[in-house]
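Computed from a predicted structure; not experimentally measured.
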Amino acid sequence: MKWNHKMVLRRVLVILPLCLISFLPLHAQPGWVKKATKSVFTLKTFAADGSLIASSNGFFTGANGEAVSNFTPFKGASRAVIIDAQGKEMPVISIIGANDMYDVVKFRVAGKTQPLLVSTSVATEGSMAWLLPYHELKNVKSGPVRKAETFQNDYAYYTVAMTMPQNTVSCPLLNDNGEVIGLMQQPASENDTLSYAVSARFADSLKITGFGMNDATMKLTMIKKELPDNIKDATLALFLAASQVDSAAYATLIGDFIQKFPQASEGYVQRAQLATSGGNFAAAEKDMEMALKVADKIDEVHYTYARMIYNKEIFHGNQTYPNWNLDKALTEIQAAIAANPASTYKQQKANILFAQQKYDDAFAIYDELTKTDMRNAENFFAAARCKEMLKDTTTMLALMDSTMSTFSKPYLKEAAPYLWARAEARRNAGKYREAVNDMNDYEELMQASINDNFYYVRHQTEIQGRLYQQALNDINRAIRMNPQEILYYAEKASLQIRVGLYDDAIETAKESIAIDANDSDGYMFLGLAQCLKGNKKEGIPNLQKAKDMGNTQADSLIEKYQ
């Protein structure tokens, strides 16, 4: 076929627009893409045994290692790393904040990083958004924002008209200016024409509060949590962690606190207490001296130091450390009182003086405190103990009564130790029936934890108070609770003989022998009861058997009844 010039021209007019269309995409790739890809990374998380849990993506939001990603890979993880666009691996060193509902986490990696600029505004509907995959310039995708739904009053959840490429969860979604507006989330289906992203500003705003370190979300990952930036929140987190984590993890947290807040005394005090519990008193002393140098409230540190030394001397006196003694504790508490004459500090001074056996001086302080806002059972009881040590029984008993007067009936369990202490004091002073009254109140209060020994002790007190029937009832209770305790049978038989219940005493003695035939008391009380009943023929041989077994009391009984 021959071509004429009209046919050639027509052909050119058709081909030229097709060529122009093929070389001019609807949305040309922005100039910021190449630089932005340096901020995107791959994330890998690992279990405690080193096995891989999951892989995902993320991007840097700060120059000091701050980064965001989805939270799911961190659940159950003990370790995590990121691999940046240059192939460099960086460990995740801490969790800064997390939100399980929106599946986002903010964390820190070791080293300097190149961040994306997080947009401070919400992208408008209809504006163009760009999905930036990890290390793939060719696969940058774009689409218009279809929805920007507000949550938590200030953040947006985006719906974008684009099909999301595989393995791009948590990759950044950016606006035309190259500012990141969102983190891509898992699509509803593989070929869904709509994709979704949660606000990058929301993810970047995540942080841990003082209480937050122990919330349910934080406990889902084993990776170390970063202390809050606010010192009050950080201090609260430090105190709460003391009862939540093991000593090694707590020591690490204290070290982080000191590094973050080197001018705060709390970190040094907590580390000193940890060192003290481990017996490293030299390290504790060094930290407490540092705490005194930086403390805003120096009286609190002196007080804590005094208590630390006092507790060591009282509870771990066998662990010697020459620099720490009760004199040093007294010096520290006096320094605290000089800075702030608080009642709590004075009470600690009295405790130290009591431990030094300076009972008159200690009593004066306790007595003074009972006339202040610290008029409580603890100080009345401490004053009573001072008078007990000074052999002033009358004043001691009066102070015991004052101790109990701080409580009202029906008693709560916090009164129990003081109630029992007064019962013992009354018993030792020969006020047996009053002591039994206290023991009765104690029984009613502590019914769930009463044991056989309680009934044995009350039984003895009741005998001294000539309350024989009550004593018999209590020794029976003790036997029911601990039927193998041979002592109780001897006590019961002795009481039965004392009140003339000879037949009952014979049966009790036989029970005793049946439980332990090698115990001489069973034969002695059996023989004594038989003799008292007039049956010396059987009684004296049983007494003789007790004597042969080494019972010296049986010897005098044989002489009496033979």
Apply the test side-chain contact (heavy atoms from CB on, under 4.5 Å) to residues Arg375 and Phe380: give CA-CA distance (whole Å), side-chain angles for both, the deciding distance (0.1 Å), then the verdict. CA-CA 8 Å; Arg375 186 183 186 279; Phe380 275 119; 3.7 Å; yes
Using side chain to side chain donor-acceptor pair (under 3.5 Å), reason through Asn70 and Thr72 one step at a time and then give a plain yes or no. CA-CA 6 Å; Asn70 59 321; Thr72 297; 4.7 Å; no
Val436/Gln470 under side-chain contact (heavy atoms from CB on, under 4.5 Å): CA gap, chis, key distance, verdict: CA-CA 10 Å; Val436 169; Gln470 292 96 314; over 6 Å; no
Are Asp504 and Lys492 close enough, and set up right, to give a salt bridge (charged side-chain N to carboxylate O under 4.0 Å, His left out), and what steps lead you there? CA-CA 9 Å; Asp504 292 343; Lys492 181 179 176 180; over 6 Å; no
Under the criterion side-chain contact (heavy atoms from CB on, under 4.5 Å), I'd like the reasoning laid out for Tyr455 against Met439: C-alpha separation, chi angles, the key distance, then a yes or no. CA-CA 9 Å; Tyr455 289 113; Met439 291 179 183; over 6 Å; no
Give the intermediate values and the outcome of side-chain contact (heavy atoms from CB on, under 4.5 Å) for residues Gln357 and Met389. CA-CA 9 Å; Gln357 300 181 12; Met389 294 297 104; over 6 Å; no
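Considering His316, Glu313, Glu285 as possible partners of Tyr321, the one that fulfils the side chain to side chain donor-acceptor pair (under 3.5 Å) test is Glu285.
Separating the CD atom in Gln273 from the CE atom in Met308 is a distance of 4.5 Å, to the nearest 0.5 Å. Taken from SG in Cys531 to OH in Tyr502, the straight-line distance is 11.5 Å, to the nearest 0.5 Å. The OH atom of Tyr359 lies 9.5 Å from the CD atom of Glu388; values are rounded to the nearest 0.5 Å. Between atom CG of residue Asn551 and atom CD of residue Gln544 there is a gap of 11.5 Å, rounded to the nearest 0.5 Å. Of the inter-residue distances, the one linking Lys431 atom NZ with Thr461 atom OG1 reads 15.0 Å to the nearest 0.5 angstrom. One distance of note links NZ of Lys225 with OG1 of Thr217; it measures 10.5 Å at 0.5 Å rounding.
At a threshold of 4.5 Å between non-hydrogen side-chain atoms, the residues Leu238 and Ile254 count as touching. In this structure the side chain of Thr403 never reaches within 4.5 angstrom of the side chain of Arg422, judged on heavy atoms. Thr209 has its side chain out of reach of Pro228: every pair of non-hydrogen atoms, C-beta onward, lies at least 4.5 Å apart. The shortest side-chain heavy-atom distance between Ile333 and Leu330 falls under the 4.5 Å cut-off. Residues Arg385 and Phe363 fail the side-chain proximity criterion, which asks for heavy atoms closer than 4.5 Å. Using a 4.5 Å heavy-atom cutoff, the side chains of Ile497 and Leu528 are in contact. Here the side chains of Met446 and Phe454 are not in contact, with every heavy-atom distance at 4.5 Å or above. Here the side chains of Tyr456 and Met481 are not in contact, with every heavy-atom distance at 4.5 Å or above.
For Ser494 (side chain) and Ala490 (main-chain N/O), no donor-acceptor pair under 3.5 Å exists by modelled atom type. Proximity of a side-chain donor or acceptor of Ser402 to a complementary backbone N or O of Ala398 within less than 3.5 Å is detected. Counting only distance, with no hydrogens or angles, the side chain of Ser51 and the backbone of Ala47 share no donor-acceptor pair below 3.5 Å. Within the 3.5 Å criterion, the main-chain N or O of Asp392 finds no donor-acceptor partner in the side chain of Thr395. In this structure, Asn376 contributes its side chain and Asn379 its backbone to a donor-acceptor pair below 3.5 Å. Within the 3.5 Å criterion, the main-chain N or O of Ala471 finds a donor-acceptor partner in the side chain of His459. A distance-only check finds no donor-acceptor pair linking the side chain of Ser512 to the backbone of Thr508 [under 3.5 Å].
For Gln464, the CD atom counts as densely surrounded, since its 6.0 Å shell holds more than 12 non-hydrogen atoms of other residues, nucleotides or ligands. Residue-environment remark: CD (Glu443) exceeds the threshold of 12 foreign heavy atoms within 6.0 Å. Shown here is Gln447, whose CD atom has more than 12 heavy atoms of other residues, nucleotides or ligands within 6.0 Å. Other residues, nucleotides and ligands place more than 12 heavy atoms under 6.0 Å from the NZ atom of Lys75. Crowding of Gln319 atom CD: a count of heavy atoms from other residues, nucleotides or ligands under 6.0 Å exceeding 12.
Under a 4.0 Å N-O distance rule, the pair Glu332/Lys328 qualifies as a salt bridge. Using a cut-off of 4.0 Å between Lys/Arg side-chain N and Asp/Glu carboxylate O, Asp229 and Lys260 are scored as salt-bridged. Here Arg477 does not pair with Asp452 in a salt bridge; the nearest charged N to carboxylate O distance is not below 4.0 Å. A salt bridge does not link Lys219 to Asp215: none of the charged nitrogens lies less than 4.0 Å from a carboxylate oxygen. A salt bridge links Asp401 to Arg426: one of the charged nitrogens lies within less than 4.0 Å of a carboxylate oxygen. By the 4.0 Å N-to-carboxylate-O rule, Glu226 lies too far from Lys207 to be salt-bridged with it. Taking a cutoff of 4.0 Å between a charged side-chain nitrogen and a carboxylate oxygen, Arg427 and Asp438 do not qualify as a salt bridge.
Side-chain polar atoms of Asp299 and Tyr345 form a donor-acceptor pair below 3.5 angstrom. Asp327 and Gln356 are linked by a side-chain donor-acceptor pair at a separation below 3.5 angstrom, with hydrogens and angles left out of the test. Tyr366 and Asn351 are linked by a side-chain donor-acceptor pair at a separation below 3.5 angstrom, with hydrogens and angles left out of the test. At a cut-off of 3.5 Å, with distance as the only test, a side-chain donor of Arg458 or Asn440 sits close to an acceptor on the other residue. A donor-acceptor contact closer than 3.5 angstrom is absent between the side chains of Glu538 and Asn542.
Using bins of under 30°, 30° to 60° and over 60° for the plane-to-plane angle, the ring pair Tyr418/Phe381 lands in the perpendicular bin. A perpendicular orientation is assigned to the rings of Trp324 and Tyr305, their planes being inclined by more than 60° (bins at 30° and 60°).
Asp555 is linked by a side-chain hydrogen bond (donor to acceptor under 3.5 Å, both in side chains) to Lys547, counting only residues two or more places apart in sequence or in another chain. Scanning for side-chain hydrogen bond (donor to acceptor under 3.5 Å, both in side chains) contacts around Asn311 gives an empty result, with sequence neighbours left out.
Here salt bridge (Lys or Arg N to Asp or Glu O under 4.0 Å) pairs that include residues 341-360, with residues two or more places apart or in two chains, are Lys346-Glu368.
Not less than 6.0 angstrom separates the ring centroid of Tyr489 from the ring centroid of Phe525.
For the residue pair Ala275 and Ala283, the shortest heavy atom distance occurs at CB-CB, 4.2 Å.
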